[in-house]
Q: 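One structure, as structure tokens, below. Some questions next.
Letters A, B, ... mirror the listed sequences (proteins, then strands); counts begin at 1.
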Amino acid sequence: MRSNPKGENMNIYETLNDMQQEAVYHTEGPLLILAGAGSGKTRVLTHRIAYLIEEKGVQPWNILAITFTNKAAQEMRERVDRIVGGDAGSVWVSTFHSTCVRILRRYIDRLGYDNNFTIYDTDDQKTLMKEVCRKMNVDTKLFKERALLAAISHAKDELVTPDEMERNAGGDFKEKRIAEIYREYQDALRRNNALDFDDLIVKTVELFQNCGEVLESYQERFRYIMVDEYQDTNTAQFKFVSLLASKYENLCVVGDDDQSIYKFRGANIGNILGFERVFPQAKVVRLEQNYRSTQNILDAANEVISNNTERKEKRLWTENPEGEKIHFRQFMNGFEEAEYVIGDIAKGRREGKLNYRDCAILYRTNAQSRLFEEKCLLANIPYKIVGGVNFYARREIKDLLSYMKTVDNAADDLAVRRILNVPKRGIGATTITRVQNYADEMQISFYDALCTADKIPSIGRAASKIEGFVTFIQSLKSKAQAYTVEEILEEIIDLTGYVDELKAEDTEESRARIENIDELVSKTVTYQETMAAEGREADLSGFLEEIALIADIDTVDPGQDYVLLMTLHSAKGLEFPYVYMAGMEDGIFPSSMCIFSSDLSDMEEERRLCYVGITRAMKELTLTCAQQRMVRGETQYNRVSRFVREIPRELVEMGHTIREHKPKIPEEASSRNSYMQMRMAFQAKAFQPQNFKVTKAESLDYDVGDTVRHVKFGVGIVKNIVEGGRDYEVTVDFDKAGVKKMFAGFAKLKKI
DNA sequence: CGTAAAACTTTTTTT
DNA sequence: AAGTTTTACG
């Protein structure tokens, strides 16, 4: 592209509308782009980067673009690459957290940390907080760990230090105590040479404020800064950006106050509402033409959001056709709701109307995914759940990662303690407590205490076992210099016998765990390949950090054909031709928390979340709800969501509401156990990436007439096999479930 | 010390 | 309902 004549390059900007062009051409000085949903803001950002490089002669490495997710960063980089050619490689496109980690890896030693610090996830934070509470004799009935961490996180979002918190507390005893705990928690993090998520931002700001020359070097480097999803930045992130931009003031922020949905995470909507106050010379561009949705969908979204009072008045418009009405369906319960949604998708697919990847099922809470997952399994529909229990939160993964962390940063007591007795080395709780006490007394790390185990009083027989562990870790550490990340992991797996132990167990569960471990190994390989391609070093710290910062949504592969199941929050920034919003009930969405909240702005945030959901839909939007629903083991009776009632009736098509019958499924089928089994089988398969894409096996190990077993339907006889383009379609007559047609790649039939 | 069973929470949304 | 933590016992 770069070598093309200039005239041709100009054309790419002329495909933008007037407002979009205005945003692209305004390159110097602060710029606020108020971009409504579906108004093409990503296009604007990518074209703006291209314009800077191609027309303004800005060096790519002088540009920083901050996105909300790694996936968005990756997509943006690809798009810029397509416009300007290879040059975009040196544009920094990443999330706040990744950007900060990259800076801290280089300079955090100036704040008294080691440059190979560990990043603590939510689980680690909780473990650490428990320990802090124990040490400080905190009554965890009075101060719950979760609440304490939330309070600390809020403080960090606002750049409030423990000292400041204490000062602000005044005579409030509780607040004072929290400040003390905050201080102790921070000390504990430092002792472990660890940072939590919030620290990544806070410490970078601290670094900038304490080290003028570091800040200056980054100010020089990032002369043009762009921030996406600006409405969801918090005070600390704002500070980070304004420090960086304060020299050249070429700061372009893009956001939509109607899509601000992360207040609970510290997002400060004032950042976007007050941008013009902070930068009086800022230019403001509004993008109000929507290119994504049908007129009906957009009208519904506009009507719902107009019930909010605290917002910048605006009304999106579109030239798109009216489209279908919004579908609304009410059901007896959650089972029927899920059955309908999955059935509707299956029907659309049968009729050739859609691909699975065109569909998304959105809900308010992660727990709601379960019913849809079950129905997908039953209907043989490929799906991916975004969010919920993280891959990296699984026990086997955390165990192995803890080994890697220990090798990387022995000061990380949490990691060391976790693996000390995994696999079983006969080192129990009593011994761990004794070592810990000794370490505390001597003011050394847990690992260092282990190294001198023989000097610890009353440790007795355990000393020799500990010695074995220390020797093992030391040998890993020395190998780590010469080994690749993958080799280190393989070494850990081999020498601990972790997989061997699981193999011996030989249950559905242990097999799934082994699959997960294989997946982790392949992630190390992918990591090494990516780093090699970018010419960067593939070290252990880098791998661990990538894992800590990767969000579930980042792993969604648009090349694969599956239905996406996720929360409304995760859906932000995405779009789908067919969107289902499930659980549209007062008490679920809006959540009961905000219905009963005294703070009216909570309801407004919930409404914005609904607005985000509606505006994800391009062609069709279906809203569903249930009259009764099981929530945490209790049956709830909820009325239809107020948000549904805020949509004008003439935009909605009600369909036949509530099914009268309840076809009882053969009850073996919906038992919990078989669900778990199917899920395991599915997950195991899902981790072999090619399974959805190409899928077709060379041949099947069964034939017509053979007896096979299906995880859910049981034993049956193969009646027919049809070779399709993507996969074999197999017809099986099951003893109990009757005749079923299914895809071989998906059904995982076993010949018996 | 390790396992199994029982009791006790949990309740939004996530980088 | 499901996950986590405590308790009891071998």
Q: Are any non-hydrogen side-chain atoms of A/Ile342 and A/Ile361 less than 4.5 angstrom apart?
A: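 A/Ile342 vs A/Ile361: side chains touch.
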Q: For the residue pair A/Glu158 and A/Thr235, confirm or rule out a side-chain donor-acceptor distance under 3.5 Å.
A: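 The answer is yes; a qualifying pair exists.
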Q: Counting only heavy atoms from other residues, nucleotides and ligands, does the tally under 6.0 Å from CG of A/Leu600 exceed 12?
A: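 At most 12 heavy atoms, drawn from other residues, nucleotides or ligands, come within 6.0 Å of this atom.
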Q: According to the interplanar angle, ranging from 0 to 90°, do the rings of A/His569 and A/Phe264 count as parallel (below 30°), tilted (30 to 60°) or perpendicular (above 60°)?
A: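 Because their plane-to-plane angle is over 60°, the rings of A/His569 and A/Phe264 count as perpendicular.
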Q: Could you tell me how far apart A/Arg434 (CZ) and B/dC1 (C1') are, to the nearest whole angstrom?
A: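 Distance check: A/Arg434 CZ to B/dC1 C1' gives 13 Å.
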Q: Quick check on B/dT15: is either OP1 or OP2 less than 4.0 Å from any side-chain nitrogen or oxygen of A/Thr69?
A: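 For B/dT15, neither OP1 nor OP2 has a side-chain N or O of A/Thr69 closer than 4.0 Å.
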Q: Between the protein and nucleotides 5-7 of chain C, list the N/O to N/O atom pairs that are separated by less than 3.5 angstrom.
A:
unit_1: C/dT5; atom_1: OP1; unit_2: A/Lys130; atom_2: NZ; d: 2.4

Q: In whole angstrom, give the distance that lies between atom OH of A/Tyr363 and atom P of B/dT13.
A: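 Interatomic distance, OH of A/Tyr363 to P of B/dT13: 10 Å.
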Q: Mapping A/Phe68 and A/Val631 to their closest nucleotides on DNA chain B, which lands nearer the 5' end?
A: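 So the residue in question is A/Val631.
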Q: Quick one: is A/Asn421 getting a side-chain N or O under 4.0 Å of the B/dG2 phosphate, OP1 or OP2?
A: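 Looking at the OP1 and OP2 atoms of B/dG2, one of them is under 4.0 Å from a side-chain N or O of A/Asn421.
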Q: Identify which nucleotide among C/dA1, B/dC1, B/dT13 has an atom closest to any side-chain atom of A/Arg364, counting heavy atoms from C-beta outward.
A: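 Selected nucleotide: B/dT13.
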Q: Which nucleotide, if any, forms a Watson-Crick or G-U wobble pair with B/dT13, using both distances under 3.5 Å?
A: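 The answer is none; no pair meets the criterion.
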Q: Report yes if at least one side-chain N or O of A/Ser570 is closer than 4.0 Å to OP1 or OP2 of B/dT13; otherwise report no.
A: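 For A/Ser570, the contact criterion (side-chain N or O under 4.0 Å from OP1 or OP2 of B/dT13) is not met.
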Q: Hey, which of these two, A/Arg425 or A/Met593, hits DNA chain B nearer its 5' end, going by closest nucleotide?
A: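 Per heavy-atom nearest nucleotide, the more 5' residue is A/Arg425.
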Q: Would you say that A/Asp121 contacts A/Lys398 through its side chain, given a criterion of any heavy-atom pair below 4.5 Å between the two side chains?
A: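 SC-SC contact between A/Asp121 and A/Lys398 confirmed.
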Q: B/dA7 pairs with which nucleotide, Watson-Crick or G-U wobble, both distances below 3.5 Å?
A: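 C/dT4 is the nucleotide pairing with B/dA7.
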Q: Centroid distance below 5.5 Å plus an interplanar angle below 30 degrees: do A/Phe264 and B/dT14 meet both conditions?
A: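 Per 5.5 Å and 30° rule: no stacking.
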Q: Provide, to the nearest angstrom, the distance between the CG atom belonging to A/Asp232 and the C1' atom belonging to B/dT14.
A: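 My rounded result for the distance is 11 Å.
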Q: Of all the choices, C/dA1, B/dT12, B/dT3, which nucleotide is nearest to the side chain of A/Glu606 once you look at every atom?
A: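 Given the options C/dA1, B/dT12, B/dT3, the side chain of A/Glu606 is closest to B/dT12.
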Q: Measure from CZ on A/Arg265 to P on B/dT14 and round the result to the nearest Å.
A: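 Roughly 9 Å, once rounded to whole Å.
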Q: Between B/dT13 and C/dT4, how far apart are the two P atoms, rounded to whole Å?
A: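 Rounded to whole Å, the distance is 15 Å.
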Q: Round to the nearest Å and state the distance from A/Asp196 atom CG to B/dT14 atom P.
A: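 Atom CG in A/Asp196 sits about 18 Å away from atom P in B/dT14.
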Q: Check the distance between B/dT14's P and A/Asp157's CG and give it to me in whole angstrom.
A: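 Value for this atom pair: 16 Å.
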Q: Do the side chains of A/Glu229 and A/Val254 get nearer than 4.5 Å, heavy atoms only?
A: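 With C-beta onward as the side chain, the pair stays apart.
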Q: What is the nucleic acid contact for A/Phe589, judged by heavy atoms within less than 4.0 Å: base, sugar-phosphate only, or nothing?
A: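 The answer is nothing, as A/Phe589 stays clear of every strand by at least 4.0 Å.
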Q: Are A/Lys424 and B/dT3 close enough that a side-chain N or O sits under 4.0 Å from OP1 or OP2?
A: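 A/Lys424 to B/dT3 OP1/OP2: side-chain N or O found under 4.0 Å.
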Q: Measure from the side-chain heavy atoms of A/Thr365 and tell me the nearest of B/dT13, B/dT15, C/dA1.
A: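 The closest nucleotide is B/dT13.
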Q: Taking 4.0 Å as the cut-off, does a side-chain nitrogen or oxygen of A/Ser592 come that near to OP1 or OP2 on B/dT12?
A: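 No.
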Q: Tell me which nucleotide among B/dC1, B/dT12, B/dT15 gets nearest to the side chain of A/Thr431.
A: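 The answer is B/dC1.
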Q: What nucleic acid atoms does A/Ser98 come within less than 4.0 Å of, heavy atoms only: base, sugar-phosphate, or nothing?
A: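 Counting heavy atoms under 4.0 Å across all strands, no contact is made by A/Ser98.
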Q: For a ring pair (Phe, Tyr, Trp, His ring centres under 6.0 Å) check, start with the C-alpha distance between A/Phe240 and A/Phe238, then their side-chain angles and the critical distance, and finish with the verdict.
A: CA-CA 5 Å; A/Phe240 168 74; A/Phe238 171 75; over 10 Å; no
Q: Measuring from A/Thr433:OG1 to A/Arg417:CZ, what's the distance to the nearest 0.5 Å?
A: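 So the gap between those two atoms works out to 9.5 Å.
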Q: Could you check how far CG of A/Leu609 sits from P of B/dT13, rounded to whole Å?
A: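 A/Leu609 atom CG is separated from B/dT13 atom P by 11 Å.
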Q: For the residue pair A/Tyr392 and A/Ile397, establish whether any side-chain heavy-atom pair is separated by less than 4.5 Å.
A: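 The answer is yes; the side chains approach within 4.5 Å.
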Q: Identify whether any heavy atom of A/Asn366 sits under 4.0 Å from a base atom; if not, whether one sits that close to sugar-phosphate; answer base, sugar-phosphate or nothing.
A: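 The answer is sugar-phosphate, as A/Asn366 gets under 4.0 Å only of primed atoms, P, OP1 or OP2.
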Q: Got a sec? Which of residues 144-155 of chain A come in under 4.0 Å of DNA chain B, heavy atoms?
A: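 Result for residues 144-155 of chain A: A/Lys144, A/Arg146, sorted by number.
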Q: Given the ring of A/Tyr637, does A/Arg629 sit roughly above its face, with NZ or CZ under 6.0 Å from the centre of the six-membered ring and within 45° of the axis?
A: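 No, cation not above the ring by the 6.0 Å, 45° rule.
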Q: Figure out the CG/P separation between A/Leu549 and B/dT14, and round it to whole Å.
A: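 Nearest whole value for this atom pair: 17 Å.
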Q: On the six-membered ring of A/Tyr262, is A/Arg265 placed so that its NZ or CZ lies under 6.0 angstrom from the centre and within 45° of the ring axis?
A: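 A/Arg265 over A/Tyr262 ring: yes.
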Q: Counting side-chain heavy atoms from CB outward, which of B/dT13, C/dA2, B/dT12 is closest to A/Ser591?
A: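 Selected nucleotide (nearest to the side chain): B/dT12.
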Q: For B/dT15, does either OP1 or OP2 sit under 4.0 Å from a side-chain N or O belonging to A/Asn70?
A: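 So the side chain of A/Asn70 is outside the cut-off, no N or O lying under 4.0 Å from OP1 or OP2 of B/dT15.
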Q: Are A/Val227 and A/Thr67 packed together at the side-chain level, in the sense that at least one heavy-atom pair is separated by less than 4.5 angstrom?
A: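 They are not in side-chain contact.
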